[in-house]
Amino acid sequence: MAPTPKKILVAPAWPYAAGHRHLGHVAGFGVPSDAFARYHRLKGNDVLMVSGTDEHGTPVMVAADGEGKSYAEVADYYNAAFREDFRRLGLSYDCFSRTTTLNHERVTQDFFKTLYAHGAIVEQTQMVSFSPTTGHTLPDRYIEGTCPICGYPEARGDQCDNCGNQLDPIDLVNPRSKIDGTTPEFRETKHLFLDLPKFADALRHWIQKHDDWRPNVRNFSLRLLDEIRSRPITRDLDWGIRIPVPGYAEDENKRIYVWFDAVIGYLSASIEWAAATGDPEAWRDWWQNDESLHSYFQGKDNVVFHTVIWPAMLLGYEQGGEYGAGKGPLQLPDNVFASEFLGLEGKQFSTSRQHSIYIRDFLDRYDPDPLRYYLIAAGPETQDTDFTWAEFVRRNNDEVLANWGNLVNRTLTSAHRNFGVVPEPGELTAEDGALLDGVAGGFETIGEHIENGRFRAALAEAMRLASTVNTYMSDQAPWALVKTDKDRAATVLFVALRAVDSLKTIFTPFLPHTSQVVHELLGHEGYLAGPLVFREVEEEDGRKHEILTGDYRSWVGSWEPSDLQPGQTLQEPRQLFKKLDDSVVEEELARMREAADAA
RNA sequence: GGCGGCGUAGCUCAGCUGGUUAGAGCGUCGGACUCAUAACCCGAAGGUCGGUGGUUCGAGCCCACCCGCCGCUACCA
């Protein structure tokens with residue numbers, strides 16, 4: 001009997017809607033979270049993978065001003081762009097939404113009101129810088145000036161890159177806005193703060209229990225707690241969610257600070273998903289259920305939000321307000337898989353210097369699976385790594401194509417040409433059994449790797465298993481047996497096809513598009529990893545938006561060894577991966593140079 | 001400045017709580033095979049594990065110091 005499906009929340013970071021996403025972004029939160037989600041779906045677990053675009057706050061406003069568009073236009077544009085990028089890459093969100101929906105606003109305001117009612121939000125005055133041009137808050141990172149300590153002329157508002165000292169923007173000599181060069185004004189204003197110190201002990205206790213977290217995440221988080229301070233959760237802006245508290249609600253020019261509403265997105269998108277399924281209470285099975293597993297994926301710069309701030313908010317919400325409805329506390333994160341950073345040709349990705357490769361551009365020229373392969377096999381899982389075109393071409397040609405692609409091709413070609421169907425096997429030899437047992441064992445070892453966030457090791461093990469099948473093929477040489485002992489050839493090809501069928505499943509979390517092709521070539525029907533779709537959602541206020549989703553419950557396939565049956569009709573084989581010519585490297589490097597020169 | 005990480009074969013990296021001749025993939029060289037996208041298979045060469053000094057019967061793994069590289073430092077994954 002199958003075990004009860006586990007409720008798994010997969011929570012990839014919310015990308016910020018102020019610029020196109022590049023390879024580094026999806027290497028951090030995208031491909032690993034999708035591999036994790038797809039694996040759990042194959043295991044038969046109930047996965048809910050939710051995210052969306054983070055659309056409020058200053059960076060969107062700055063982008064809008066720069067492009068001469070409204071804030072909403074910029075948000076719309078990038079929301080649509082990200083959805084399309086992620087669809088093409090095959091990131092199987094159950095609901096990829098956005099923060100400018102009515103639903104998100106309601107959930108955020110409920111959260112805010114509830115924390116306020118529980119005494120977790122306090123009012124403080126704060127010295128804040130304003131842009132004289134727009135009248136809005138100017139975040140510290142948009143201010144530069146001369147460092148009062150070392151005299152470095154381009155110190156940032158929060159820190160001097162030259163001497164490394166932490167700074168307060170008001171101390172800068174000749175402060176100026178990085179956006180338009182004007183001199184910021186400093187004014188005392190009242191803001192609401194999240195009382196983080198109130199939660200320090202509870203958080204410390206909770207983090208200490210999690211000795212399964214990656215050490216850098218755990219140590220870094222514990223360190224943060226030692227110096228924890230209240231954080232403002234309101235800003236002087238006119239772009240963002242209204243503050244549902246007396247004295248603030250009426251103020252046109254105060255809104256909820258963007259980071260506060262962004263993390264609530266995990267919850268609001270779950271609620272949105274539930275409503276769309278016709279069972280508005282369904283989200284509670286993930287959020288108000290001790291047995292559920294919540295896994296978050298983000299880059300290392302975002303750790304603080306996922307191990308300290310969001311957990312503090314969840315703790316403060318307690319049994320909740322309107323949405324929590326007294327039905328139990330909200331689940332805290334179980335895993336926080338923080339990635340390190342991906343570099344590009346030896347340097348950091350930089351949008352401003354146009355040292356970047358955007359997802360959309362990449363996918364215009366290359367297939368998604370080789371990219372997914374690269375981002376897992378050479379991704380920044382435990383330390384910074386580098387994307388280079390030479391390495392991409394090599395991994396594509398010499399690893400994924402030569403090993404896995406070629407295995408599929410050689411076994412299917414042989415079987416299709418000589419039998420046309422999955423051949424009827426005779427008695428299996430010890431070698432046959434050993435091969436199938438070895439591949440079958442992969443479901444457990446690779447599954448364990450994936451569950452523990454060791455995607456790199458999981459994929460390496462899958463590749464090793466593919467090698468064992470290649471070796472088996474070479475040893476058994478069915479192409480020769482066909483002429484001398486056709487029955488034995490049938491058995492060998494049967495065994496090889498079963499192994500390929502199993503490997504197809506094992507590779508699905510990483511290479512869903514090509515696994516779907518293998519699935520079809522082997523004569524199976526249905527979607528192993530079907531298309532992702534956009535679906536329109538209309539809210540009560542009449543506004544509409546599109547989400548990225550998919551019909552994952554109809555997907556066939558399960559995380560267990562193949563039971564491929566003799567007699568199943570095979571399709572004419574076709575190649576899974578395109579061989580890339582070495583000239584690609586020089587072309588792409590030239591393209592990057594042009595882009596950088598134009599910037 | 002604070003904190004953290006990294007430095008192991010040509011390249012990218014594994015090496016868990018210290019224990020026989022330090023591993024993998026790719027690359028290179030040689031061979032075999034010829035079903036397969038000149039792919040696949042076998043074999044070989046190649047490293048004083050950044051440096052110095054300790055602890056230990058024994059250290060790539062622990063400690064100290066040093067050199068080099070990198071990241072985070074609270075709105076760039």
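Here the structure is a predicted model, which means the values were calculated and not measured. Values below: all heavy atoms of this structure, side chains included; hydrogens, waters and symmetry mates excluded.
With values rounded to the nearest 0.5 angstrom, A:Ile121 atom CD1 is found 12.0 Å from A:Phe193 atom CZ. We find the CZ-CZ distance between A:Phe82 and A:Arg98 to be 11.0 Å, quoted to the nearest 0.5 Å. With rounding to the nearest 0.5 angstrom, the NE2 atom of A:His22 is 10.0 Å from the NE2 atom of A:His355.
The OH atom of A:Tyr472 sits 14 Å away from the C1' atom of B:rC35 (whole-angstrom rounding). Between A:Arg229 atom CZ and B:rU73 atom P the separation is 14 Å, expressed in whole Å. The CE-P distance, from A:Met463 to B:rC13, rounds to 17 Å in whole Å. Rounded to whole Å, atom P of B:rA36 lies 10 Å from atom CZ of A:Arg410. Rounded to whole Å, the distance from CG on A:Leu493 to P on B:rC35 is 13 Å. Following rounding to the nearest Å, A:Leu580 (CG) and B:rA39 (C1') show an atom-to-atom distance of 15 Å. Protein atom CG of A:Leu23 is 19 Å distant from nucleotide atom P of B:rC76, rounded to whole Å. Here B:rC13 presents its P atom at 20 Å from CD of A:Glu461, a figure rounded to the nearest Å.
When heavy atoms are screened at a 4.0 angstrom cut-off, A:Ala378 is found touching no nucleic acid atom at all. Residue-level contact check: A:Phe349 touches the bases, meaning some heavy atom is under 4.0 Å from a base atom. Nucleic acid contact for A:Leu407: none, since no nucleic acid atom lies under 4.0 Å from a heavy atom of the residue. Residue A:Leu412 is classed as having no contact, given no heavy-atom separation below 4.0 Å to the nucleic acid. Among the atoms of the strands shown, only primed sugar atoms or phosphate atoms (P, OP1, OP2) are found under 4.0 Å from some heavy atom of A:Arg395. Among the heavy atoms of the strands lying under 4.0 Å from A:Gln575 is at least one base atom, whether or not backbone atoms are also near. Using a 4.0 Å heavy-atom distance criterion, A:Lys300 is classed as a sugar-phosphate-only contact. Counting non-hydrogen atoms under 4.0 angstrom, A:Gly57 reaches nothing in the nucleic acid. Here A:Thr411 lies out of heavy-atom contact (under 4.0 Å) with every strand. Nucleic acid contact for A:Asn406: base, since at least one base atom lies under 4.0 Å from a heavy atom of the residue.
Only the P atoms considered, B:rC41 is 10 Å distant from B:rG25, to the nearest whole Å. Rounded to a whole angstrom, the distance from the C1' atom of B:rA39 to that of B:rU21 is 35 Å. Nucleotides B:rC26 and B:rC63 are separated by 37 Å at their C1' atoms, to the nearest Å. Comparing B:rC6 with B:rC49, their C1' atoms sit 14 Å apart, to the nearest whole Å. Atom P of B:rC62 sits at a distance of 23 Å from the matching atom of B:rA24, rounded to the whole Å. B:rU37 and B:rC76 have their C1' atoms separated by 40 Å, given to the nearest Å. One P atom belongs to B:rA14, the other to B:rA9, and the distance between them is 13 Å to the nearest Å. Comparing the same atom, C1', in B:rU73 and in B:rA45 gives a spacing of 47 Å after rounding to whole Å.
In this model, the phosphate group of B:rA36 is approached by a side-chain N or O of A:Arg417 to a distance below 4.0 Å at OP1 or OP2. For A:Lys578, no side-chain nitrogen or oxygen approaches OP1 or OP2 of B:rU37 to under 4.0 Å.
When Watson-Crick and G-U wobble pairs are counted only if both distances are under 3.5 Å, B:rC62 pairs with B:rG54. Checking B:rA36 for Watson-Crick or G-U wobble geometry (two distances, each under 3.5 Å) identifies no partner in any strand. B:rG43: Watson-Crick or G-U partner is B:rC29, with both key distances under 3.5 Å. Across all strands shown, B:rG4 forms a Watson-Crick or G-U wobble pair, both distances under 3.5 Å, with B:rC70. Pair check for B:rA24 finds B:rU12; Watson-Crick or G-U wobble, both atom distances under 3.5 Å.
Comparing B:rC26, B:rU73, B:rC13 by their nearest atom to the side chain of A:Asp398 picks out B:rC26. Among the nucleotides B:rU37, B:rC41, B:rA36, the one closest to any side-chain atom of A:Asn470 is B:rC41. When each of B:rC41, B:rU37, B:rC35 is scored by its nearest atom to the side-chain atoms of A:Thr471, the top-ranked nucleotide is B:rC41. Proximity note for A:Glu399 (side chain, C-beta onward) versus B:rC35, B:rC26, B:rC76: the nearest is B:rC26. Which of B:rA36, B:rA39, B:rU34 sits closest to the side chain of A:Lys579 comes down to B:rA39.
By the 30° and 60° cut-offs, the orientation of the rings of A:Phe362 relative to A:Tyr366 is tilted.
Each of A:Phe297, A:Phe337, A:Phe29, A:Tyr266 was checked for a ring-ring contact (aromatic ring centres under 6.0 Å, His included) with A:His306, and the lone residue meeting it is A:Tyr266. Under the side-chain contact (heavy atoms from CB on, under 4.5 Å) test applied with A:Trp310, the options A:Val336, A:Ile264, A:Val304, A:Leu315 reduce to a single match, A:Ile264.
In this model, no donor atom of one side chain and acceptor atom of the other lie less than 3.5 Å apart for A:Tyr77 and A:Glu67.
Residues A:Asn403 and A:Arg394 both approach RNA chain B. Their nearest nucleotides, taken by heavy-atom distance, put A:Arg394 toward the 5′ side. Where A:Trp14 and A:Phe341 meet RNA chain B, the nucleotide closest to each residue was compared, and A:Phe341 sits on the side nearer the 5' end.
Residue A:Glu448 qualifies as open at atom CD: its count of foreign heavy atoms under 6.0 Å is 12 or below.
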